> 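Right, I'll just put the structure down here and ask away after.
Bear in mind that the values here come from a model prediction, so they are computed numbers and not experimental data.
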Amino acid sequence: MATGTEPPATDPDHLGGVRSGTRAAISAPHLRTDRWWLAPAATAAGLLAFIVYSTWRAFANTDYYAAPYVSPFYSPCLAENCEPMRGGPNWELFGGWWGISPAIIILIFPLGFRLTCYYYRKAYYRSFWASPPACAVAEPHAKYTGETRFPLILQNVHRYFFYAALLVACVLTWDTVLAFRDEDYAWGHMGLGTLVFLANIALIWAYTLSCHSCRHIVGGKLKHFSKHPVRYRMWQWVSRLNARHMQLAWASLLSVALADFYVYLVASGVFDDPRFF
């Protein structure tokens, strides 16, 4: 029985996607009256700003170390052309043949972790690919294949990037410990940079551990929580963090950029690191 909602099969405006013959024949692109475009636009602006800044800093290959602080973009430093950092993350795995910035080597791991993160997928799917641009707003694509084809099928490696992100977070934790030295590498000192590093590593760990993969690894395969009380408690803790995964994603993205920028200002001689003791 016809309902009057089925669009004609020959209508060129209803050839696929949300305009297919199985959907309601609504001529308007959407029925929302609010500023639905504001959220994806703001997300796109924020992500673009970080991309521009991080690209500049990654390829700059300068002003990333001011004892005892090392930029999180360059840690660990895996090339022979790294600045010598006493007690720092100098691991010369790449020899003299590596001529560009050593940051390019390490940034692939935190970048891959964030690119495949469930929240960031939602963020850039909506903001850059309009898939969909917002709730109840039709996407412009006539066909949807999900994450079953290249390149989106690579999103399935998120768990492996999570393991790599854990290692990077451990290295950044050591960098934070080293921040309790002065410029002569003497222990027992704290500067403004130390507080910047402490805030950054706290947010990095909170974002990393709030990951959906972490939640699944901790308790995703358990059938009886009562038989695994420790893992159940851990799963509850990670679940509480997971509820704020979006906020932690943005806060940690901002903190890692600020930590790098602070090191840049000190290393380039804009000001000296204020010391508390």
Side-chain angles (χ1 to χ4, degrees), residues 36-58 71-75 103 106-135 146-147 151-152 154-173 175-176 195-220 234-262:
W36 60 266
W37 50 267
L38 194 57
T43 300
L47 292 177
L48 279 173
F50 180 80
I51 291 171
V52 171
Y53 173 78
S54 60
T55 301
W56 164 59
R57 288 294 293 140
S71 164
F73 287 178
Y74 287 81
S75 183
I106 194 60
L107 281 180
I108 185 63
F109 299 108
L111 179 62
F113 179 57
R114 288 185 183 263
L115 280 176
T116 57
C117 165
Y118 287 98
Y119 167 68
Y120 280 110
R121 295 186 207 183
K122 169 189 171 183
Y124 61 75
Y125 281 10
R126 290 189 172 188
S127 301
F128 296 100
W129 293 348
S131 181
C135 292
E147 296 172 347
L152 297 186
L154 296 178
Q155 303 284 24
N156 295 311
V157 301
H158 179 59
R159 172 175 293 191
Y160 302 102
F161 275 119
F162 168 72
Y163 298 141
L166 284 178
L167 294 177
V168 173
C170 289
V171 173
L172 297 183
T173 301
D175 292 343
T176 304
L195 297 181
V196 173
F197 273 55
L198 282 171
N200 178 56
I201 196 59
L203 290 171
I204 289 292
W205 274 114
Y207 166 64
T208 304
L209 296 180
S210 69
C211 169
H212 294 75
S213 290
C214 180
R215 186 169 179 262
H216 178 73
I217 291 169
V218 169
M234 293 174 62
W235 180 83
Q236 287 182 311
W237 182 73
V238 172
S239 295
R240 285 194 289 270
L241 282 177
N242 181 259
R244 288 167 173 72
H245 195 49
M246 179 185 73
Q247 294 89 336
L248 291 171
W250 280 106
S252 60
L253 193 72
L254 179 62
S255 70
V256 74
L258 288 177
D260 170 82
F261 188 61
Y262 186 86

> Rounded to the nearest 0.5 Å, what separation is found between the CG atom of L258 and the CG atom of L253?
10.0 Å
> Would you say V256 and F50 make side-chain contact, with heavy atoms under 4.5 Å?
yes
> Please report the shortest heavy-atom distance between Y74 and A58, naming the atom on each side.
OH-O, 3.3 Å
> Passes side-chain contact (heavy atoms from CB on, under 4.5 Å), W237 versus N242? Steps please.
CA-CA 9 Å; W237 182 73; N242 181 259; over 6 Å; no
> Between F162 and T208, does the side-chain contact (heavy atoms from CB on, under 4.5 Å) criterion hold? Intermediate values first, please.
CA-CA 8 Å; F162 168 72; T208 304; 3.9 Å; yes
> Would you please test W205 and T173 for side-chain contact (heavy atoms from CB on, under 4.5 Å) and show each step?
CA-CA 9 Å; W205 274 114; T173 301; 2.7 Å; yes
> Give the minimum heavy-atom separation between H212 and H245, together with the two atoms involved.
CE1-CD2, 3.8 Å
> My understanding is that only residues two or more places apart in sequence, or in another chain, count here; which of them pass side-chain hydrogen bond (donor to acceptor under 3.5 Å, both in side chains) with R215?
S239
> Under a 3.5 Å cutoff, is there a donor and acceptor pairing between the side chains of D175 and S75?
yes
> At what distance, to the nearest 0.5 angstrom, does OG1 of T43 lie from OH of Y119?
5.0 Å
> Kindly give the heavy-atom pair with the smallest separation between V196 and A259, and that separation in Å.
CG1-CA, 3.8 Å
> For residues 110-118, which side-chain N or O atoms pair as donor and acceptor with protein atoms under 3.5 Å away, sequence neighbours left out?
residue : atom : partner : partner atom : Å
R114    : NH1  : Y120    : OH           : 2.8
R114    : NH1  : A249    : O            : 3.2
R114    : NH1  : S252    : OG           : 3.3
R114    : NH2  : S252    : OG           : 2.9
T116    : OG1  : G112    : O            : 2.8
T116    : OG1  : F113    : O            : 3.4
T116    : OG1  : H158    : ND1          : 2.8

> Would you mind reporting whether F128 and L48 have side-chain heavy atoms less than 4.5 Å apart?
yes
> In chain order, what residues pass the ring-ring contact (aromatic ring centres under 6.0 Å, His included) check against Y160, with sequence neighbours excluded?
none
> Enter the distance from I217:CD1 to W235:CH2 here, rounded to the nearest 0.5 Å.
15.0 Å
> Please enumerate all residues that pass side-chain hydrogen bond (donor to acceptor under 3.5 Å, both in side chains) together with D260, with sequence neighbours excluded.
Y53, R57, S71
> Could you work out, with side-chain hydrogen bond (donor to acceptor under 3.5 Å, both in side chains) as the rule, every residue matching Q236, not counting sequence neighbours?
Y232
> Which heavy-atom pair separates L203 from S255 by the least distance, and what is that distance?
CD1-CB, 3.6 Å
> Can you list the steps and then say if C214 with M234 is a side-chain contact (heavy atoms from CB on, under 4.5 Å)?
CA-CA 10 Å; C214 180; M234 293 174 62; over 6 Å; no
> Shortest non-hydrogen contact from L241 to L248?
O-CD1, 3.9 Å
> Tell me whether R121 contacts the main-chain N or O of Q155 through its side chain, where contact means a donor paired with an acceptor under 3.5 Å.
yes
> Go through the structure and list residues passing side chain to side chain contact (heavy atoms under 4.5 Å, CB included) with T176, not counting sequence neighbours.
F197, L198, I201
> Do C135 and R126 touch side chain to side chain, with heavy atoms closer than 4.5 Å?
yes
> How close do P133 and P40 get, heavy atom to heavy atom, and via which atoms?
O-CG, 3.5 Å
